[in-house]
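The model shown is predicted, which means the values in this text are computed figures rather than measured ones.
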Amino acid sequence: MKPRNSLRALIGSLLFTLCYAVLTGFTGILAPLIGFILPPSWRQPMLNIHNHSLLFLFRVLCGVKVDIIGRENLPGKDCPVVLAANHQSEWETYLLQVLKTPISTVLKKELLSIPFFGWGLRLVQPIAIDRSKRAGALKQILKQGKDRLQAGRSVLIFPEGTRTMPGKERDFNKGAAMLAASSKRPILPIVHNAGHAWPGRTWRRYPGTITVVIGPLIEVEGKDTNQIHEEMEHWMRDTMRKHP
């Protein structure tokens, strides 16, 4: 493990923060133009140029390596899935967009109002929910999520509901299992420990290795929501404890 508080780590954090702001601003200005000009099928590939660029800059400037285990479990483009992942930072929101594409993310609607950042998000057909209205949010996830899956887009759900620090545990909501059961699409579980290198609520970034584990598909045939949820949660929690 590289020194977390070295001068190299500090300079890397500053440079990455500057590049992040410039790149996000540029993409945010360009996003509305892309939305008008390009057909829908081209929008995510174009936005993924932004995502790939940020991931590259993060690795190079901040001294971070990424170890992905289980790539063979990724289904092809013709197999949309309900992707369930733990949530520790912003980093995984960029990685998962390029790892399984096209994909729509379930997120809080306030994110769409953030200048530049939110403008780019609108291009990839997110499912923007009001978390203060839980019943309405769940109905929206099930309805819009099913529509996205039928259109060939995967749906990304963070069962913890919000960012959780490494080593901490939150209850998992059943939204992913309910959507999988109602749409008859499998769940692809993914866990990572990106919160060590890209923690929330700070501009500091730290060197090290991020481990990403892609699990086997959780099929839904012959299972009810509780069975699907328990299988997903058991695999995710067990794997998170193995890769803290």
Side-chain angles (χ1 to χ4, degrees), residues 51 80-97 99-100 103-114 117-118 121-122 124-149 153-183 185-202 210-215 218 220 224-241 243-244:
N51 296 332
V81 297
V82 178
L83 198 161
N86 64 315
H87 196 17
Q88 292 186 357
S89 72
E90 291 179 44
W91 179 85
E92 64 269 16
T93 63
Y94 297 115
L95 177 77
L96 297 175
Q97 294 287 331
L99 201 60
K100 185 71 177 85
I103 192 167
S104 295
T105 304
V106 175
L107 46 78
K108 56 185 180 182
K109 67 177 185 179
E110 291 84 359
L111 291 177
L112 300 183
S113 300
I114 298 176
F117 178 80
L121 273 181
R122 291 177 184 274
V124 288
Q125 302 178 43
I127 302 173
I129 61 171
D130 183 347
R131 293 195 301 187
S132 67
K133 300 176 181 178
R134 296 186 63 181
L138 181 57
K139 289 180 181 178
Q140 185 180 353
I141 291 171
L142 296 179
K143 182 181 184 303
Q144 294 187 18
K146 197 170 183 178
D147 291 342
R148 300 291 195 276
L149 289 162
R153 300 183 66 88
S154 294
V155 175
L156 169 60
I157 296 180
F158 297 111
E160 295 161 308
T162 189
R163 284 183 296 193
T164 304
M165 293 176 60
K168 301 294 183 180
E169 291 189 357
R170 292 181 185 268
D171 291 338
F172 279 22
N173 64 59
K174 294 186 178 180
M178 294 177 71
L179 176 58
S182 65
S183 64
R185 300 304 308 174
I187 289 180
L188 178 67
I190 294 180
V191 302
H192 61 89
N193 56 6
H196 293 293
W198 186 324
R201 299 180 178 86
T202 177
I210 295 174
T211 301
V212 180
V213 186
I214 305 170
I218 298 174
V220 301
D224 62 25
T225 297
N226 288 333
Q227 290 174 308
I228 297 167
H229 179 76
E230 288 173 8
E231 187 175 343
M232 176 197 77
E233 182 173 10
H234 175 77
W235 184 89
M236 291 182 68
R237 290 202 187 281
D238 185 55
T239 308
M240 287 164 66
R241 290 164 186 157
H243 300 276

Quiz item: For Leu179, which of Val155, Ile228, Thr225 qualifies under side chain to side chain contact (heavy atoms under 4.5 Å, CB included)?
Solution: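 Going through the options one by one, the only one that passes is Val155.
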Quiz item: For Pro159, which of Met232, His229, Glu233 qualifies under side chain to side chain contact (heavy atoms under 4.5 Å, CB included)?
Solution: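 It is Met232, the one option of Met232, His229, Glu233 that forms the side chain to side chain contact (heavy atoms under 4.5 Å, CB included) with Pro159.
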Self-check item: CA sep, side-chain torsions, deciding dist, call: Trp235, Val191, side-chain contact (heavy atoms from CB on, under 4.5 Å)
Solution: CA-CA 9 Å; Trp235 184 89; Val191 302; 3.9 Å; yes
Distance in Å, [X] [atom1] paired with [Y] [atom2], rounded so as to fall on 0.5 Å steps:
X: Lys139; Y: Leu142; atom1: NZ; atom2: CG; value: 10.0 Å
X: Thr211; Y: Asn193; atom1: OG1; atom2: CG; value: 4.5 Å
X: Trp198; Y: Gln88; atom1: CH2; atom2: CD; value: 13.5 Å
X: Met178; Y: Lys146; atom1: CE; atom2: NZ; value: 12.0 Å
X: Leu188; Y: Ile190; atom1: CG; atom2: CD1; value: 4.5 Å
X: Lys174; Y: Ile157; atom1: NZ; atom2: CD1; value: 14.5 Å

Distance-only, no hydrogens or angles: does the [X] side chain make a donor-acceptor pair with backbone N or O of [Y] under 3.5 Å?
X: Asn86; Y: His192; result: yes
X: Ser89; Y: Trp91; result: yes
X: His196; Y: Ile210; result: no
X: Arg148; Y: Pro126; result: yes
X: Gln140; Y: Ala128; result: yes

Practice problem: Start with the C-alpha distance between Arg241 and Glu169, add both sets of side-chain angles, then the distance that settles side-chain contact (heavy atoms from CB on, under 4.5 Å), and finish with yes or no. | Solution: CA-CA 10 Å; Arg241 290 164 186 157; Glu169 291 189 357; 2.9 Å; yes
Exercise. Going by the side chain to side chain donor-acceptor pair (under 3.5 Å) test, name the single residue among Arg153, Gln144, Gln125, Gln97 that passes it with Ser104.
Key: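 Running side chain to side chain donor-acceptor pair (under 3.5 Å) over Arg153, Gln144, Gln125, Gln97 with Ser104 returns exactly one hit, Arg153.
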Exercise. Count the heavy atoms of every other residue, nucleotide or ligand shown that sit under 6.0 Å from CG of Asp224, and state whether that count exceeds 12.
Key: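 It does: Asp224 CG has more than 12 such atoms within range.
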Practice problem: Give the C-alpha distance, both sets of side-chain angles, the deciding distance and a yes or no for side-chain contact (heavy atoms from CB on, under 4.5 Å) between His243 and Val212. | Solution: CA-CA 9 Å; His243 300 276; Val212 180; over 6 Å; no
Contact between [X] and [Y] at the side-chain level, heavy atoms closer than 4.5 Å - yes or no?
X: Phe158; Y: Leu107; answer: no
X: Leu96; Y: Leu83; answer: yes
X: Asn173; Y: Leu138; answer: no

Quiz prompt | Closest non-hydrogen atom pair between Ile187 and Ala84, with its separation | solution =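 Shortest heavy-atom separation between Ile187 and Ala84 comes out as CG2-CB, 4.1 Å.
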Exercise. Identify the two heavy atoms, one from Val81 and one from Lys100, that lie closest to each other, and give their separation to 0.1 Å.
Key: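 Nearest pair, atom of Val81 first, then Lys100: CG2-CE, 4.1 Å.
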Self-check item: Carboxylate-amine/guanidinium contact Glu160 Lys168, below 4.0 Å
Solution: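 Lys168 and Glu160: not salt-bridged.
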